[in-house]
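First the structure, in the form of structure tokens, and then the observations on it.
In the text below, chain A, chain B and the rest are named by the order of the sequence lines, each starting its count at 1. Predicted model, so just to flag it, every value in this text is computed and none were measured.
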2 protein chains.
Amino acid sequence: MATLKDIAAALGVSVATVSNVFNGRPNVGCATRQKILRVAKQMEYRPNRAAQAMRTGRTRAIGLVLPDLTNPFFPELAQAVENTARSRGLLVCLVDSQSRPEGEADGFALLMQHAVDGIIWCPLGPRPPAQLKNLARPVVLIDRPRPGYAVVHSNYRMGGRLLAQYALRMGHTRVGLLSGPQNIESAHQRREGFVKAFPRSIDIVWEVCVGFDGVLTPEALAALEQRGRATLIVAGNDLIAISAIRRLAEQGVSVPEEVSVTGFDNIRWTDIVTPRLTTIAQPVGAIGAKAVELMQERMSGEKIASRRTIFDVELIERDSVRQLNSGS
Amino acid sequence: MATLKDIAAALGVSVATVSNVFNGRPNVGCATRQKILRVAKQMEYRPNRAAQAMRTGRTRAIGLVLPDLTNPFFPELAQAVENTARSRGLLVCLVDSQSRPEGEADGFALLMQHAVDGIIWCPLGPRPPAQLKNLARPVVLIDRPRPGYAVVHSNYRMGGRLLAQYALRMGHTRVGLLSGPQNIESAHQRREGFVKAFPRSIDIVWEVCVGFDGVLTPEALAALEQRGRATLIVAGNDLIAISAIRRLAEQGVSVPEEVSVTGFDNIRWTDIVTPRLTTIAQPVGAIGAKAVELMQERMSGEKIASRRTIFDVELIERDSVRQLNSGS
DNA sequence: CCGCCGTAGTGTAACGTTTTACTAAGCAGA
DNA sequence: TCTGCTTAGTAAAACGTTACACTACGGCGG
């Protein structure tokens, strides 16, 4: 690997001058600048990041800490983060905590040791992120706001409202709620958005909370038995919706003929499952890209006010909701 | 951040001694060793990886280069790789090329600049990996063997054979093949395993190749029209199988009543789709873990013979294949 | 002609480790 | 007592950058 010294030696100039060229500093003549660039290219010079890191304290690498890549929301996010980071010359260091707090803690320790310049983090659980305090690095949260930190997420309340509007439009007034964990803000807001949109027109006939991974608790199973009470089941996310549809199918209840179901997230498989799921689409790619952008702002600059960035969501109408005749 | 120097100063010993302690070198008395460790813990000393990297040339970070996290095979793999790497103190730097060769090339450049100690790579496409030559770092391939490189993958041929056995057991002798891209070795071997298992008993009535992403070509669509010819469709992977089932459903053909379908990979959603898909399970977690293990062997040691590591696969019987009465 | 300024460039000290070559002391054997 | 060996520890030179404080020199106003 060629170093600054090699280039300097080859041209009979000092290392400082060569360094100046690459860092776009003044005080180097046009002619020498050209020569240096030419020789550098020819020698395939690449700055040694480790040396730069030691000197400047910046690594041009960021951490991405996720709870679970197996949850289909995250691969798409990770892809977006990695791609926009790379396009800006940033390396992404991945930590997947498998939803275990120790995993998260270990991951942080590793990232700090490697002195990443910042961390994009989707914290697990509702508990406040203790490790953040002594991090001394910019942090951008995804999807789970915490006071005092920058966060980017979707407008979940809006998603809830859109679903409520749609439900009414399709003639559904008696609905069951299969919400996500209410201690996670994003799940809570989805619910709030739906429930508070038309409180007088929509009747919540039952409500159960389950995990975002879609495994149905006995309570949830029991709720699904109460056939005929609700004409529409509003699930906290697509995984939950798909589980519900499966369960109903096992019991010989067909969706959407006998009961309608909506999801949330528009994961890839909503399009592949039968019936195709009507759901709310988040702009996952945009969220990832924005997170990197915010990160970079914070890395290179002065303390910026920690703000929320909220993206609009969109209703994707597919086949899992039936139009009820107005009399019903 | 505390440094070796700080610890040395606090105890009135030399940096060298402190360094020796952490590197497990001899020539440091038991008493001083204890003291140093105690003070280090108290000061929360963490070695500066950048400095270590500069001195030793090793970063204790590895690259993971994948074609597309959106393909459900990869998140699980990435999770396994990250977790076993972390448990061994290795940081994982992610590159997702989005199936674009330029992306792959950019990613490699970035990883080299950061001087990762090795690369775990699932190369895209059939073309030989040109960048490997001047890499000067150990490489472990996943799923796509290349002469001269270590690779870990599943026993695809075995998967094909298992499917053939199962097909016969269920009474299917006329099958249609919806294979993956035959220039990718893993797809090719799945096909070979199936076709060569019982050439005299199983009749391949039609055969079409499509991409692993499951989008059906006009040719594939046409093949699916030829109802009644094949009683079983053997798909190159689960995505393809699921697409086929969807397509058949749209045409009012029910699976498995009218035609049976098998997949390959056992991605998470095979369990959620209707009908639940009968498929071949790869031990993805074990593959990822093994790749890291091989990587570490190669990082720390002398050149080891580049070998294949092949994992057994398993038939997962679900609901997408019907038992034919022997007369049929 | 003097003083001064701006331009182009140099020398070198860091940054936090690891590693090599070295020393000082203690002790056993002769 | 001296030699030589072992143990415990040290000093200092790297590694490849960056950044600060310099110098050398040409030209220009007065």
From [atom1] ([X]) to [atom2] ([Y]), nearest 0.5 Å:
X	Y	atom1	atom2	answer
B:Met295	B:Lys290	CE	NZ	13.5 Å
B:Arg33	B:Asn20	CZ	CG	8.5 Å
B:Gln296	B:Arg60	CD	CZ	7.0 Å

Heavy atom of residues 29-37 of chain B under 4.0 Å from DNA chain C: which residues?
none
When you measure from the side chain of A:Ser19 to the backbone of A:Val15, do you find a donor-acceptor pair of N or O atoms at a distance under 3.5 Å?
no
The criterion is salt bridge (charged side-chain N to carboxylate O under 4.0 Å, His left out); which residues satisfy it with A:Arg100, sequence neighbours excluded?
A:Glu102
Does this structure show an ion pair linking A:Glu185 with A:Arg308, if we count only N-O contacts that are shorter than 4.0 Å?
yes
Out of B:Leu124, B:Val95, B:Val81, B:Leu77, which residue meets the side chain to side chain contact (heavy atoms under 4.5 Å, CB included) rule with B:Leu66?
B:Leu77
How does protein reach along nucleotides 13-20 of chain D, written 5' to 3' as B (base within reach of a heavy atom under 4.0 Å), S (only sugar-phosphate), or - (no contact)?
BBBBBBB-
Does a side-chain N or O from B:Thr17 land closer than 4.0 Å to OP1 or OP2 of D:dT10, or not?
yes
B:Asn27 atom CG is separated from C:dC22 atom C1', nearest whole Å, by 12 Å
Can you tell me how far P of D:dT10 sits from CD1 of B:Ile7, to the nearest Å?
14 Å
Could you tell me whether A:Phe22 and A:Tyr45 have their ring centroids closer than 6.0 angstrom?
yes
